[in-house]
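Because the structure is predicted, anything quoted here is derived from the model rather than measured. Within every chain, numbering begins at 1; the chains are lettered A, B, ... in the order of the sequence lines, protein sequences first and strands thereafter.
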2 protein chains.
Amino acid sequence: MREFDERDDALDKAFLALADPVRRRIIARLSRGSATVNELAEPFEMTKQAVSRHIQVLEHAGLITRSRDGQRRPCHLAPGALEELTAWIDSYRLVAEAQFRRLDSLLDNMSNNVQKEEPS
Amino acid sequence: MREFDERDDALDKAFLALADPVRRRIIARLSRGSATVNELAEPFEMTKQAVSRHIQVLEHAGLITRSRDGQRRPCHLAPGALEELTAWIDSYRLVAEAQFRRLDSLLDNMSNNVQKEEPS
DNA sequence: TATATAGTCAACTAAATGGTTGATAAACAT
DNA sequence: ATGTTTATCAACCATTTAGTTGACTATATA
C-alpha cells in the first residue's frame, strides 16, 4: 500500500548525501564536534545559502541533527546514522567474502582432483 | 594541476552508485555470485537498456567488474570495493564516538564538581 | 547464409541537483 | 526603535540523471 519502501528511501537519501565532497567534508568536520552554519560554510568557496542547503540534505538524510542556541542553529552528527550505512554495506560484503571463500575451496578441491586423476 | 581530487571522485561515484534501490539490489544479487545482464535485469519492471546503464554506473564506480563469456558479459562484485566505503565511514564514525565518550566524561566531571561545590 | 540471442549506443524527454542572487525572518545589540 | 548577525526561502539557470524507443554490434546456431 506504500508507494516506496521506507528503508530504500532512507538508504537512498543517506548514500546520496554522502555522494558529494562538500557534504563529506561537513560530516568530517562534525565528527570532531558540533558547528554552526557559518562555521561549516567558512572553508568553502561558495555562498552560505548553498552550504545551508547541503546541510539540509544531510539533515533530511538523518545523518545530522540541529538544535537552537539563540540565533545559531548548531549542527551535530546524528549518533547511529553512520552505523546503519556500514551495516548495509557489511551485510553484502560478508556474503560476498563467504562466497569467495567457497570458491577458493572449490578451486582447491578441483586442483586436488586433478592431482588425483593425473596418475590414472 | 588536477581539476578535482581523485579520491573525492572515487567516493562520489561509489556513494552515488549506491544511492539507488535498483543498483543496491544488483549489488545484493552479485554478492551471492556472478550474473549476466539479462539475469540482473529480469526482476525489474524496466527495459534491459536501463538496467545495462545501472550496471555501467556500478562498473565506473569500481563496485563491480565484468568479464567476457561468448556473447555474455558476466558481472562480478569487485572484491575490496565495499571495504573502502566502510573504511571512509568508519574513520569518521570512530572519531565521533571518541568525541561522544569525551563529552560523557566531561559531563561526569561536571556533575562531580557540582557535588563537591554543593556543600560550600 | 540467415536468424536468433546478448548487450550496447544514440537521441529524446522529464525530473532532480547544485549553484547563483535577492528578499525575508528571527534573535541579538545599541 | 534601529541596525547587525545568523540563517532560510524563493526564483532562476545549467547540468546531470533516469527512463523510454529504435538502431546497432557481436557472438552463437540452424
Side-chain angles (χ1 to χ4, degrees), chain A residues 3-5 8-27 29-30 33-77, chain B residues 3-5 8-27 29-30 33-77:
Chain A
E3 265 290 342
F4 51 81
D5 189 293
D8 268 1
D9 191 51
L11 288 171
D12 284 0
K13 287 178 178 166
F15 281 123
L16 187 62
L18 293 181
D20 181 292
V22 171
R23 291 193 290 259
R24 284 197 303 276
R25 283 177 61 190
I26 291 175
I27 290 289
R29 167 65 184 81
L30 291 179
S34 302
T36 67
V37 173
N38 275 334
E39 288 167 349
L40 291 173
E42 193 274 326
F44 298 106
E45 291 178 343
M46 145 186 348
T47 63
K48 194 172 53 176
Q49 288 95 320
V51 174
S52 181
R53 290 211 302 195
H54 279 299
I55 291 171
Q56 288 178 40
V57 170
L58 289 167
E59 187 180 14
H60 291 140
L63 296 178
I64 71 173
T65 61
R66 321 194 57 180
S67 51
R68 163 70 72 175
D69 169 29
Q71 48 194 341
R72 318 275 167 78
R73 311 293 311 280
C75 305
H76 329 274
L77 210 57
Chain B
E3 266 288 342
F4 50 83
D5 189 293
D8 268 1
D9 192 51
L11 287 172
D12 284 0
K13 287 178 178 165
F15 280 124
L16 187 63
L18 293 181
D20 181 292
V22 171
R23 292 192 289 259
R24 284 197 304 275
R25 282 177 62 189
I26 291 175
I27 290 289
R29 167 64 185 82
L30 291 178
S34 302
T36 66
V37 173
N38 275 332
E39 288 167 351
L40 291 173
E42 193 272 327
F44 298 106
E45 291 178 344
M46 153 187 340
T47 63
K48 193 172 54 176
Q49 288 95 320
V51 175
S52 180
R53 290 211 301 194
H54 279 299
I55 290 171
Q56 288 179 38
V57 170
L58 290 166
E59 187 179 15
H60 291 140
L63 296 178
I64 71 173
T65 62
R66 320 193 58 178
S67 51
R68 163 71 73 175
D69 169 29
Q71 48 193 347
R72 318 276 167 79
R73 311 293 310 279
C75 305
H76 329 275
L77 210 57

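- Applying the side chain to side chain donor-acceptor pair (under 3.5 Å) rule to pairs touching residues 41-59 of chain B yields Arg23(B)-His54(B), sequence neighbours excluded.
- Contact check for Asp69(B) versus Thr36(B): no side-chain heavy atoms found under the 4.5 Å cut-off.
- An OP1 or OP2 oxygen of dT5(D) is reached within less than 4.0 angstrom by no side-chain nitrogen or oxygen of Asn38(A).
- The shortest distance between side-chain heavy atoms of Leu30(A) and Leu58(A) does not fall below 4.5 Å.
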Polar-atom pairs under 3.5 Å, protein N or O versus N or O of nucleotides 11-18 of chain D: list them with distances, or write none.
| residue | atom | partner | partner atom | Å |
| --- | --- | --- | --- | --- |
| dA18(D) | OP1 | Arg23(B) | NH2 | 3.2 |
| dA18(D) | OP2 | Arg23(B) | NH1 | 3.3 |

Determine whether Thr65(A) and His76(A) satisfy the following criterion, side-chain hydrogen bond (donor to acceptor under 3.5 Å, both in side chains), listing intermediate values before the conclusion.
CA-CA 5 Å; Thr65(A) 61; His76(A) 329 274; 4.9 Å; no
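- Taking 4.5 Å as the limit, some side-chain heavy atom of Ile27(B) sits within range of a side-chain heavy atom of Ile64(B).
- Mapping Arg68(A) and Thr47(A) onto DNA chain C via the closest heavy atom, the residue that lands nearer the 5' end is Thr47(A).
- Distance, Gln49(B) CD to dT25(D) C1': 14 Å, rounded to whole Å.
- If you walk DNA chain C from 5' to 3' and mark each nucleotide with an atom closer than 4.0 Å to a heavy atom of chain A, the marks span dT17(C) to dC28(C).
- Of all non-hydrogen atoms in Asp8(B) and Pro21(A), the two that sit nearest each other are OD2-CB, 3.3 Å.
- Inter-residue side-chain proximity for Leu16(B) and Leu16(A) is flagged as met; some heavy-atom pair is nearer than 4.5 Å.
- Rounded to whole angstrom, the span from the NZ atom of Lys48(A) across to the P atom of dT5(D) amounts to 10 Å.
- Listed for the Arg68(B) side chain is a donor-acceptor partner under 3.5 Å among the backbone atoms of Gly70(B).
- The CZ-C1' distance, from Phe44(B) to dT20(D), rounds to 18 Å in whole Å.
- Mapping Gln71(A) and Ile55(A) onto DNA chain D via the closest heavy atom, the residue that lands nearer the 5' end is Gln71(A).
- The side chain of Gln56(A) contributes an N or O atom lying less than 4.0 Å from OP1 or OP2 of dC9(D).
- Put simply, Arg66(A) has a side-chain N or O that comes within less than 4.0 Å of OP1 or OP2 on dT8(D).
- Side-chain atoms of Arg29(B) never come within 3.5 Å of backbone atoms of Glu39(B) as a donor-acceptor pair (strictly under, hydrogens ignored).
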